[in-house]
Amino acid sequence: MLLPTIGVGMNSALDDMNLIQQAQRHHLVVREIGEEIDLEIGPGEDDPSFGNTTLIGAPLRESSAEEHGESKQMVTVSQLSNDAQDMSQNQQVKRKKKVVKRWREEWADTYKWAYVDVKDGTPRIFCSVCREFGRKHRRNPYGNEGSRNMQMSALEEHNNSLLHKEALRLQSASKDKIMADKPVYVKAGSILEATLKRDPHEVEFIQAVQEVVQALERVIGKNSHYVNIMERLLEPERMIIFRVPWVDDRGETHVNRGFRVQFNQSMGPCRGGIRFHPSMNLSITKFLGFEQTLKNALSPYKLGGAAGGSDFDPKGKSDNEIMRFCQSFMCEMYHYLGPDKDLPSEEMGVGTREMGYLFGQYRRLVGHFQGTFTGPRIFWSGSSLRPEATGYGLVFFAQLMLADMNKELKGLRCVVSGSGKIALHVLEKLIAYGALPISVSDSRGYLVDEDGFDYMKVQFLRDIKAQHRSLRDYSKTYARSKYYDEAKPWTERCDLAFACATQNEIDQSDAMNLVNSGCRILIEGSNMPCNTDAVQVLRKANVLVAPAMAAGAGGVVAGELELNHECSLMNWSPEDFESKLQEAMKQTYQRAIKAATDFGYQKESPEALVHGAVISAFLTIAQAMTDQGCV
């Protein structure tokens with residue numbers, strides 16, 4: 001009758017021995033946290049008794065006598081180990097393996113922000129900034145909510161999470177800014193936290209929300225009513241996800257996924273691009289729709305925002321395959337389009353050819369001709385410079401920024417990323433103003449021409465792209481040019497940079513390269529081209545940034561002119577169109593600067609245009625949403 005008891009006792013002795021050995025190896029004490037933290041590692045759910053379990057303390061190394069006593073204790077336990085192993089073979093008792101791992105001393109500086117408290121009877125490690133324990137901030141879906149074996153990795157992830165970094169930054173920034181009844185970082189942090197909880201895996205969308213929340217700190221600090229508006233704005237009015245089956249030239253069936261997110265219609269019917277690219281997903285669609293909503297609100301016109309597309313890759317496809325895909329795509333999309341609903345336009349992977357196929361199927365399905373698509377060929381209707389509008393608008397915006405600095409584009413060395421229609425039209429207009437554009441890029445690398453591009457070279461680049469050839473072929477014709485594989489153009493010496501490729505194309509190291517290359521102004525041609533770390537680098541270096549929602553408004557302007565009822569039956573001359581585009585870009589620039597100065601940002605500060613554009617757009621949307629009630 002004693003054997004089971006002895007077996008249990010021996011197993012307990014073994015467990016105690018393991019605990020002591022672990023403590024011996026990891027007995028270093030975490031400084032400036034207030035207490036040592038013991039965490040179980042290994043599989044298993046939370047043990048309800050964990051909160052009441054006494055954990056073996058770690059002996060300190062301050063006294064040699066204590067070390068001698070600890071050695072004797074280890075010897076005593078080891079004498080029991082052989083007997084315990086024999087008894088455990090006779091009687092197996094199911095016990096949960098417990099291994100204690102102590103935080104190492106070298107981790108202490110990383111985790112100064114942490115403190116220990118009890119949550120539901122279980123010790124937890126809390127963030128002193130967010131007041132939440134680690135698991136609350138995990139974006140990883142695996143693991144149980146409170147499993148102790150996940151807490152350590154959860155805390156490591158939390159320390160690098162958007163939410164913690166944002167809360168810490170806001171907490172620090174709020175000391176020097178306008179304070180309301182509650183700290184600014186609590187209000188702004190709650191918006192980001194709600195987004196993280198609702199859409200934890202939508203990385204691009206969360207990043208866009210974070211940037212907007214940062215820009216709205218002072219607005220939210222002055223009026224907490226905007227927190228509720230922002231929470232409604234961040235939830236799209238409708239999200240459509242659908243299947244797109246199509247047949248290739250060999251008769252084989254393929255299936256892609258289609259998206260359309262109509263983000264907000266409080267300002268008017270939605271307008272937004274359609275993107276065909278293998279990376280397309282719901283997160284990118286929402287991010288594009290959110291950015292487009294703000295961009296449209298900042299423009300002189302009353303439009304809502306939307307975005308859509310598919311993970312279909314048009315590269316390498318024949319015209320017939322692309323036509324069949326576009327027709328299948330439109331068979332579902334046409335239900336949600338119309339002159340008073342949603343006005344689609346071109347985006348990455350969608351040009352004049354694709355818009356023509358999409359419009360033809362739409363007209364066939366609805367049974368009448370409606371000018372609700374932007375981008376079809378000129379002999380239908382609209383402006384003669386529609387494809388050039390976004391690229392030209394970027395250069396006009398850069399010219400406005402330089403004019404405020406008493407400078408001009410002539411003679412300035414410019415680096416351009418991307419080689420699509422926006423990038424090539426940027427080259428074209430830079431040449432017209434006497435600047436020296438020296439680079440373009442694609443997904444495989446970048447091309448630099450030290451002599452700069454001219455009109456003939458730009459036309460040659462267009463021919464290369466039209467024939468689906470590599471930019472490397474350019475260097476075979478022009479000896480002073482060179483193509484760099486698996487590289488980006490941000491290391492090239494420049495005065496201005498135009499980011500016209502895709503989102504997050506500039507990371508922290510790229511931003512540092514830009515600063516070291518002498519860049520003083522960055523014009524965002526693509527939506528959100530800089531990641532969060534890159535933004536911080538550029539601001540610390542006082543590099544002025546023209547945000548895409550302001551600088552990229554040229555496409556919105558051209559699309560609205562194209563669909564204007566009074567102008568739909570006439571073709572704009574290049575001179576008239578450029579004049580109207582320049583005036584619209586000037587209005588957009590002035591609105592962004594005014595909003596920034598109204599909320600205390602210096603006109604010369606690197607964040608003035610970025611924050612001013614967001615503030616102006618948001619206040620316009622917020623007023624419309626308030627007037628229309630909770631809908």
Side-chain angles (χ1 to χ4, degrees), residues 348 351 385-399 401-402 407-502 505-506 510 513-514 517-526 529 546 551-552 554-555 574 578 581-582:
M348 183 187 300
L385 290 179
R386 172 68 181 89
E388 293 89 339
T390 303
Y392 283 13
L394 294 174
V395 179
F396 293 155
F397 201 90
Q399 191 179 32
M401 295 175 67
L402 289 168
K407 296 181 180 180
E408 58 181 11
L409 276 168
K410 186 175 181 180
L412 295 184
R413 187 178 171 96
C414 302
V415 165
V416 181
S417 69
S419 53
K421 59 179 181 294
I422 294 177
L424 295 181
H425 291 137
V426 166
L427 295 181
E428 190 176 272
K429 187 52 65 176
L430 285 173
I431 295 168
Y433 279 105
L436 185 70
I438 62 167
S439 73
V440 289
S441 68
D442 57 19
S443 59
R444 299 181 182 88
Y446 79 93
L447 172 72
V448 61
D449 189 331
E450 290 296 335
D451 293 333
F453 296 108
D454 55 27
Y455 290 117
M456 185 179 297
K457 292 178 179 179
V458 171
Q459 184 57 49
F460 184 49
L461 287 173
R462 284 201 177 95
D463 294 340
I464 289 174
K465 297 297 293 184
Q467 298 167 16
H468 305 290
R469 294 156 55 194
S470 169
L471 291 176
R472 189 181 289 102
D473 294 343
Y474 179 96
S475 58
K476 297 176 182 178
T477 303
Y478 295 95
R480 288 268 294 164
S481 65
K482 186 174 181 180
Y483 184 84
Y484 294 89
D485 288 301
E486 303 299 327
K488 300 177 184 179
W490 313 125
T491 55
E492 298 295 330
R493 181 175 59 83
C494 64
D495 301 298
L496 277 75
F498 291 79
C500 305
T502 186
E505 60 176 297
I506 301 177
D510 296 326
N513 288 334
L514 267 177
S517 300
C519 178
R520 304 313 307 160
I521 298 178
L522 172 65
I523 312 294
E524 295 184 350
S526 57
E578 283 199 28
L581 181 59
Q582 284 181 314

List the steps and the verdict of side chain to side chain contact (heavy atoms under 4.5 Å, CB included) for His425 and Thr390.
CA-CA 8 Å; His425 291 137; Thr390 303; over 6 Å; no
Ile523 and Ala551: which non-hydrogen atoms are nearest, and at how many Å?
CG2-CB, 4.1 Å
Within a 6.0 Å radius of atom CZ on Arg493, are there more than 12 heavy atoms belonging to other residues, nucleotides or ligands?
no
In short, Ser441 meets Tyr446 closest at the heavy-atom pair CB-CB, 3.6 Å
Please determine whether side chain to side chain contact (heavy atoms under 4.5 Å, CB included) holds for the pair Leu427 and Leu461, giving the CA-CA distance in whole Å, both sets of side-chain angles, and the decisive distance to 0.1 Å.
CA-CA 11 Å; Leu427 295 181; Leu461 287 173; 4.0 Å; yes
Closest heavy-atom contact between Val395 and Leu409?
CG1-CD1, 3.6 Å
So which heavy atom on Gly452 is nearest to which on Ile438, and how close?
CA-CG2, 4.4 Å
Can you tell me how far apart CG (Asp449) and CG (Asp454) are? Round to the nearest 0.5 Å.
8.5 Å
May I ask you to check whether over 12 heavy atoms, not counting those of Lys407, lie within 6.0 Å of atom NZ?
no
Should Gln459 and Asp463 count as side-chain neighbours, where that means a heavy-atom distance under 4.5 Å?
yes
Can you check side chain to side chain contact (heavy atoms under 4.5 Å, CB included) on Gln399 and Lys429, steps first, answer last?
CA-CA 11 Å; Gln399 191 179 32; Lys429 187 52 65 176; over 6 Å; no
Tell me if a side-chain donor or acceptor on Ser475 pairs with a main-chain N or O of Leu447 at a distance below 3.5 Å.
no
Under 3.5 Å, is there a donor-acceptor pair between the side chain of Ser517 and the main chain of Thr491?
yes
Report yes or no: does Ser439 contribute a side-chain atom to a donor-acceptor pair with the main-chain N or O of Val416 at less than 3.5 Å?
yes
Just checking, any donor-acceptor pair under 3.5 angstrom between side chains of Asp451 and Tyr478?
no
Heavy-atom pair with the smallest gap, counting every atom of Cys494 and Leu514:
SG-CD2, 4.3 Å
Please determine, by modelled atom types, if Glu408 and Tyr433 share a side-chain donor-acceptor pair under 3.5 angstrom.
no
Specify the closest pair of heavy atoms between Trp490 and Ala497, including all atoms of both residues, with the distance to one decimal.
CZ3-CB, 3.9 Å
How many angstroms lie between atom CG of Leu402 and atom CZ of Phe397, to the nearest 0.5 angstrom?
11.5 Å
So does Glu505 get a backbone contact from the side chain of Lys488, meaning a donor-acceptor N/O pair under 3.5 Å?
yes
Evaluation steps, side chain to side chain contact (heavy atoms under 4.5 Å, CB included), between Tyr474 and Tyr483
CA-CA 8 Å; Tyr474 179 96; Tyr483 184 84; over 6 Å; no
Pro489 vs Val448 side-chain heavy atoms within contact, under 4.5 Å:
no
Answer yes when Asp442 and Lys465 have at least one side-chain N-carboxylate O distance shorter than 4.0 Å, and no when they do not.
no
State the CG-SG distance between Asp495 and Cys519, to the nearest 0.5 angstrom.
8.0 Å
Hey, could you give me the CZ/CG distance between Phe396 and Leu581, rounded to the nearest 0.5 Å?
5.5 Å
Is the side chain of Ser417 donor-acceptor paired with the backbone N or O of Cys500 at a distance under 3.5 Å, no angle test?
yes
With rounding to the nearest 0.5 Å, note down the distance linking CD1 in Ile464 to CZ in Arg472.
11.5 Å
Would Lys421 and Glu428 count as a salt bridge (Lys or Arg N to Asp or Glu O under 4.0 Å) if you check the C-alpha gap in whole Å, the side-chain angles of each, and the deciding distance to 0.1 Å?
CA-CA 10 Å; Lys421 59 179 181 294; Glu428 190 176 272; over 6 Å; no
